[in-house]
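Below, each value reflects all heavy atoms present in this structure, side chains not excepted, and no hydrogens, waters or symmetry copies. Protein chains get the first letters and strands the later ones, always in sequence-line order, with residue 1 at the start of each.
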Amino acid sequence: MVKHRKLFSVFAIIILLTALLTGCGDSVDINEKLIVTTIVFDVKDREVWYYLEIANIEAGESKDVGEGAGNKYIVYKAHGKTLTEARDNLDTQLDKPLYLSGVRVLVFTESFAKEYLVEYLYRVRVDESQRKKGLTVITKEDPEELYKSTHERNISAGFMIEGTIETLDESGKSFMRTTMRLLENLSSNYTGILIPCIGLQDKEISLRGYSVVSGSTITGFLPVEESVGTMFFKTDKPKFHFIVPYNDMNLTIEVLLTKRKITPSYEDGKINYDIKMEFRAELMYGDKKTPYNFDDTATREVSETLTAMLKQQVSDAIDRAQKEFECDYLQFDDIFRIKFPVEFQDMDWQKEFINANANIDVKVDLSTKWGMDYGANKVK
Amino acid sequence: MERFDFEQTVAYLKTKSLDYTQRSIPFHNGMLRDAMVELFYISQLTDRAALTDSIVKPLVLHCSSARKPINARMAMDGIIYADNCRIESDGKKIEELILSGMVVILFSNDEQYIVVNLKKVEHRSVPTPELSYAVRGPQDCFTENLDTNLSLIRYRIKDKNMRIKNFEVGRRTKARVAVIYIEDIANDTVINEVQKRIGNIDVDGIGESGELQDFLLNNKLQMFPQMGLVERSDMASHSLLEGKVIVLMDGSGIALLAPKTFSEFFYSHDDRYDNKFFGLFSRLLRYTAIIIALTGSSLFVALTSFHTDVLPVKYAISLSEMRSNVPFTALIGAFSLEFIMELLREALLRVPKQIGSAIGIVGAIVIGSAAVSAGIFSPLLLIIVSTALLASFAIPDYSLVNPFRVLKFILLLFTGTMGFFGFAIFLTFILAELVSLNSFGVPYMAPWAPFNFYDFIRTLIGNSAIDPKRPNYLRTKDKKRMKE
């Protein structure tokens, strides 16, 4: 018995030591990795270009001066005839393993997205090390210019783009599209997606509009200035400013969507959507001397004008999706599928969406609290 | 019992080089031949002024003019003035009594002798606490003198049900040990167990309560403390009222407390005196502190070397920048820095206070600035290890921190070789060990395991003004501290 116990102990120690020593190989200190913050893909001269923005961890210690010295971010680039070849070429330049869990933004140029968007998304799906919650944006700019505009100021392009989109999302003016959401879209039968498109405005990174992705390619572009109505469908709490003409004045009104209800119905092979939107609006100021006392009539008249404007925006947004782009990037398919899952299975949604009817009901609750009414209460 | 023979006994005591002091008092200026009174005592243990005033002086005065010898009974009844005295007749006990600090008075014409307690041991006056420092609350704490310590407890608890049972421990040292409890509160099993274990001690000598504690533990190889340390008399009194047993030992300024559960080690008596919500906050802070003290550097290693993917990228970049010039791996760095910190702590404990501050400065300069500027350690690691060290000082009872000081190194090795997997494995070992322990029959992890909701809330709030009951896990006889 004692002999067996000894044998068992030795065996246990060997197993434990093996486990311990095997584990030693798994560790790589964080400073022994290249921390990637942005990945940009481009297609030039029929070749795929791969750009990695990497945090230069030794920049803080560098005492060098001159161009390129002490930059906090550096760019690795490689190209190849295919996506795989470009990546393999990039790997030959790397002196340390990549740390892809910190990728803030995945940027596709329009030319790349047209050809390789789906392939790349499938590649990301199998790469467990890559962060899926990073943003995905499209650009019409040259990647080199994008990097240049931020690296001149020692700022990461990835952080800059992420910050811009996040700020717009939080203020209700745009929305974020994560890689994970794109992968979800890709896995469904129908794919209609709107991806934020960034560009340079006076050398500053800014949101320029939205690329319409239908199926597996880019089919259109929605400029940011024409996207207000669309944002009422895409953003959680959209908030915009409208200039409403009243008498000889232009009133600036802040409008916040408080309730959005889209109810699909399906009768006699016809899809219909009842869209109800409720807005809270606040009169901020006018471009001329504004009356202190906004009486009920004035409030009602301004409300009616604003309601008509909002209804028009919503209607235009649907029309544009149905007629101009012929793509359901408003994600009406999700709403319909939840209510009519069986019917949806056999549908060619692209065709059905184009012919769907929408009844729009808009309500506005206008507040004129910024106008002051001295006559409301007599001062005693 | 053996009756003593005067001449033989005196001759025996004189011949042994035992540092006894002898004082002979003849009768009638020596005219009564062979009639003598002999006093034996150890001068270092005796109050010599009291001896002179209450024994020697009256005996000399009486004997010088006495016409016939007196016996022990007559002397005790009519001559000596000592309050604590008795008559003995067992000859074998004489030497033992002298060694224990008694004055033994032998009479040449009597087979009985007098034992007088004039013991006086040099001791400190009641000091201020050093282990259990309190911002608020009484500052008196136990000394090395058992009688003083008992007086401090008696002063606080005037209950007729408080029991003090005396034991003598050590064949050679014969140290006095007192077991104190309140009879109608404390659990009999605990009382009996403590007394049984003290009674079973058979060793030549025990000098301090720390040594005594080793003999009282369930498992003598156990790392975690199963008895509490009590330095302040108010803590001892409160513990007695909770239904616990206090063990005091002559020669030790620290009392032992049984039973003591893991959660009670996080309890400071300041919590009782301050606002209950602040007490709760402090206790939560201490729970966090022990977790930081144990896991701080291990988590750093796990996150830096194995599971870097969970780090937010800005933090990953910052961490990477900090470590860019460090030549060691995170494991070696953390292990070395923890070792140096422990070295500093040990050095500070062993040197005089005046030099201690100098060591602190050297440590701060050498590690804080030189090591970081030289790129030996990353600043973040230094922050984490220092915070862990600081956190370890936040636990009121230092005896709980000591096992964690050792365990953190083992945890560091497990984490450094297997990442979070190793971290989880070793923490599971520790937890398994903790839940399997008991302190004198009380589950060590009570009230968390086995879980008791009311006790759990009590350990969090711990305020006697709003809580009428004593903890259930102590299984006290009197369950309520407050009459409804």
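- Heavy atoms of B/L331 lying under 4.5 Å from chain A are absent altogether.
- Results of the side-chain contact (heavy atoms from CB on, under 4.5 Å) test with A/M176 over A/E166, A/E170, A/K133 single out A/E166 as the only residue that passes.
- Looking at heavy atoms from C-beta onward, B/L319 lies in side-chain contact with B/F300 at the 4.5 angstrom threshold.
- Using a cut-off of 4.0 Å between Lys/Arg side-chain N and Asp/Glu carboxylate O, A/E144 and A/K77 are scored as salt-bridged.
- Using a 4.5 Å cut-off between heavy atoms, A/R131 does not touch chain B at all.
- Both cation-pi conditions hold for B/R197 and B/F440: the charged atom is under 6.0 angstrom from the six-membered ring centre and inside a 45 degree cone around its axis.
- For chain B, the nearby part of A/T37 is the side chain; its heavy atoms alone come within less than 4.5 Å.
- The contact between B/F328 and chain A is made entirely by backbone atoms, counting heavy-atom distances below 4.5 Å.
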